[in-house]
> 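So that we are looking at the same thing, I have put the structure below in structure tokens.
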Amino acid sequence: MEKQLYKNVNLSDPLDRVDGRLKVTGAAKYSAEYMLPGLTYGVLVSSTIAKGQIKSIDTKQAGKAPGVLDVITHLNAPKIPGYQTVQNTPEGPATSRPLWVFYNEYIYFSGQPIALVVADTYERALYGASLVKAEYIIEEHRTEFNANVNRAVTPKGWKDYSRGEADAYLNAPVKIEHEYVIPVEVHNPMELHCTIALWETGDKVTVYDKTQGVKSTQKTIMDAFKLPEQNVQVNTLFMGGGFGSGLRTWPHVIAAVLAAKKLNKPVKLMLSRDQMFTMVGFRPRCLQKIGIGATADGKITGITHEATAVTSSYEEFTERTINMSKYMYASPNVTTRYRIVPLNLSTPTWMRGPGESTGAFALECAMDEMSYALHLDPMEFRLRNYAETDQERNLPWSSKHLRECYEIGAERIGWSKRNPKPGTMREGEMLVGYGMGSGVFNASRNRAVVLARILADGALVLQSAVSDGGPGTATSMVQIASETMGINADRIKFELGNSSYPMGPTQGGSTTTSTLGSAVHDACVALRKKLLTLTQTPSIKNAEQDNLVFKDGAFTLASDHSIKVSYTEILKQQNLPQLEVTEESKSGEERQKFSMYSFSVHFTEAHVHPATGVVKVKRVVSVTDAGRIVSLKTAESQVIGGVIGGIGMALMEEAVMDHRYGRYVNNNLADYHIPVHADIPHIEPIFINKKDLYINPMGTKGLGEISMVGFAPALANAVYHATGKRIRELPITPDKLL
Ligand code: MOS
């Protein structure tokens, strides 16, 4: 009840997930669950070396195993037309050059797919895969970060950034300088990646795939197999999480399409959990150095942020790790440097708040360290350096309510009860600490197209080729449509996950509500207009814009409620079975005039057991300025999920590699630790819920990433406050605290 104090009264009515029942009853069909007639099963064989060449590959035993239909390797794979157009570059990373599957004998990382065994059952394919034997020419591999950090390079097209004086922190009256490390983390959504490919004809393919972008996967397949758009159908009706692993179309997708073509049979290719560690990306290991300088009264005079992250030997992956330091706090002088180290790993990719999650760990821990150096409260230090404008772009913010986030969050967690001195608070035998960390993420908006169709019975159907990784896209789109059209949510259906629908965005970077929601909004406005032109009631047809009300599936006048024309009546008068519009929506020049970001702050209370070093997260309050909230329940879910991701990042997640082989040793969910229910405390999401109409017509910003960005440092800061021990390398496992 108390929570309501902080919620604006105009928050949308909480709507249950429109697909919630399907999901919890098991009726939702995921990509691996399509039982096509004559379906065959593919299992990938992975390389056991991390660098070198395949000398020979023996597929005879596998080929003779019961039920095995084919064994595909680089020696017998049909040529993929799209692979032949670009010159192969075995050494030296390219800016965008995904691994070409079964292309040649070169091995770039351990776990690289070298063969695909297709059989009539999954078990037989798995057995067949165990019989494939490869011999290699082994070359010395490099997988270790520390041993190779001297080989770091500036990524192509990147420049060091400097505002004001370079490395100004060095000359400040008070300064700190520390290094922070995050390990390789792996997305590990519950649902395994899977592709089912079926060639309808010799040049037309249908794919059921786990992808965050049905249109981008369609495009990748079109380019690889040189097919026109209408000949590639991609379906992703439901997804069991992605966290970024579905942002690219990975080699196994191409392998499945290739095998289905070669065999002329539908092929299902599902990755195993251990293959999920090497075939669908990961968050790159990153070493960061932060220097902050300030005056004695706590005014920042300089920030230097350097980051060095791993990438693969064949492709550059870069992310915005150092960007936050350019604009988050007011500082006349900022220097950033970003480097990458090519190693014998697969290519990393975006993962849960990509870039900023990593960068915020360093910056928000360093801000905490600096506040202690200044004998200032960590929140007070942030407030003294509050950026009123974007100093990087020299632009005003489209909106920024971070100050309110601080105030509300501090009050809810009881920040004032905190004894600032580390290691002084106790509850029973547990050491108690309070920590905070800020989050920020670019509030982007891209292009989307939506079809809106109203039927004779008044139901509204919307379509767009987007997929929903789990945030509840259809639910929030239904709420936007419901509000814009004045039609009850239960009469609206949002159809997605089908590449033949109008152009939808890839779901990533916290942009779906802004991008797709704008198109839903615009399509509904266009549909309203079209209905209005067909109206035969003059007082409605000629009404002033602001005298028109859209409610209960009808036009009404604000000045006279007795005048009412329902949408169904209009269709009936016109003898129309339905009426539809297709609208495109995208951002405009407002993005050049304003700097657009979402902001958040996480406050957390952590208890640390002094003898064992076990950390228990007791409470979390996350306050977010994500513009207007259009769908309360799914928004709350986003924040809770983001914080859980942050608990994993702070305390548990780390892919551990045996560098002798360049192979992960904890590539399963028993050994790669993620938070389970017992690790998760009460998480309280609070929304500022103020419209930002510069970004889009609904006034929303992005929410997914800021739910996680800044949480890991909040917890690391709480652990420091509890114990006086500063852990600068994640995850904060008990051994580091003892
Ligand atoms: Mo998100 S890492 O953009 O799926």
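Atoms within each ligand, like the ligands themselves, are counted from 1 in listed order.
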> Identify whether the distance between the nearest side-chain nitrogen and carboxylate oxygen of R248 and E315 falls below 4.0 Å.
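Yes, R248 and E315 are salt-bridged.
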> Below 3.5 Å, N or O to N or O, backbone or side chain included: is there any such pair between G353 and ligand 1?
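Not met; the criterion fails.
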> Decide if atom NZ of K586 counts as having more than 12 heavy atoms of other residues, nucleotides or ligands within a radius under 6.0 Å.
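No, the 6.0 Å shell around NZ holds no more than 12 heavy atoms from other groups.
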> Which of the numbered atoms in ligand 1 are below 4.0 angstrom from a heavy atom of W350?
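The atoms of ligand 1 under 4.0 Å from a heavy atom of W350 are 2 (S).
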> Under a 4.0 angstrom heavy-atom cut-off, which atoms of ligand 1 come close to P354?
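Under 4.0 Å from P354, ligand 1 has these atoms: 2 (S).
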> State the atoms of ligand 1, each with its element, that fall below the 4.0 Å cut-off from a heavy-atom position in R352.
2 (S)
> Strictly distance-based, threshold 3.5 Å: is any side-chain N or O of K400 a donor or acceptor partner for the main-chain N or O of A387?
yes
> Check for a donor-acceptor pair, side chain of Y338 on one end and backbone N or O of E319 on the other, with a separation under 3.5 Å.
yes
> Using a 4.0 Å cutoff against the non-hydrogen atoms of G509, which atoms of ligand 1 qualify?
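In order of number, 1 (Mo), 3 (O).
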> Test T473 against Q507 for side chain to side chain donor-acceptor pair (under 3.5 Å), laying out the working first.
CA-CA 9 Å; T473 302; Q507 187 169 74; 2.6 Å; yes
> Numbering the atoms of ligand 1 from 1, which are under 4.0 Å from a heavy atom of G508?
3 (O)
> Are Y327 and Y597 close enough, and set up right, to give a ring pair (Phe, Tyr, Trp, His ring centres under 6.0 Å), and what steps lead you there?
CA-CA 10 Å; Y327 58 78; Y597 289 94; 4.3 Å; yes
> E654 and P731: which non-hydrogen atoms are nearest, and at how many Å?
OE1-CD, 3.5 Å
> For ligand 1, which atoms have a heavy atom of E705 less than 4.0 angstrom away?
1 (Mo), 3 (O)
> Polar-atom distance check: Q212 versus ligand 1, any N or O pair below 3.5 Å?
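It does: an N or O of Q212 is found under 3.5 Å from an N or O of ligand 1.
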> In ligand 1, which numbered atoms sit nearer than 4.0 Å to a non-hydrogen atom of G244?
2 (S), 4 (O)
> Which of the numbered atoms in ligand 1 are below 4.0 angstrom from a heavy atom of M351?
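By the 4.0 Å cutoff, the relevant atoms are 2 (S).
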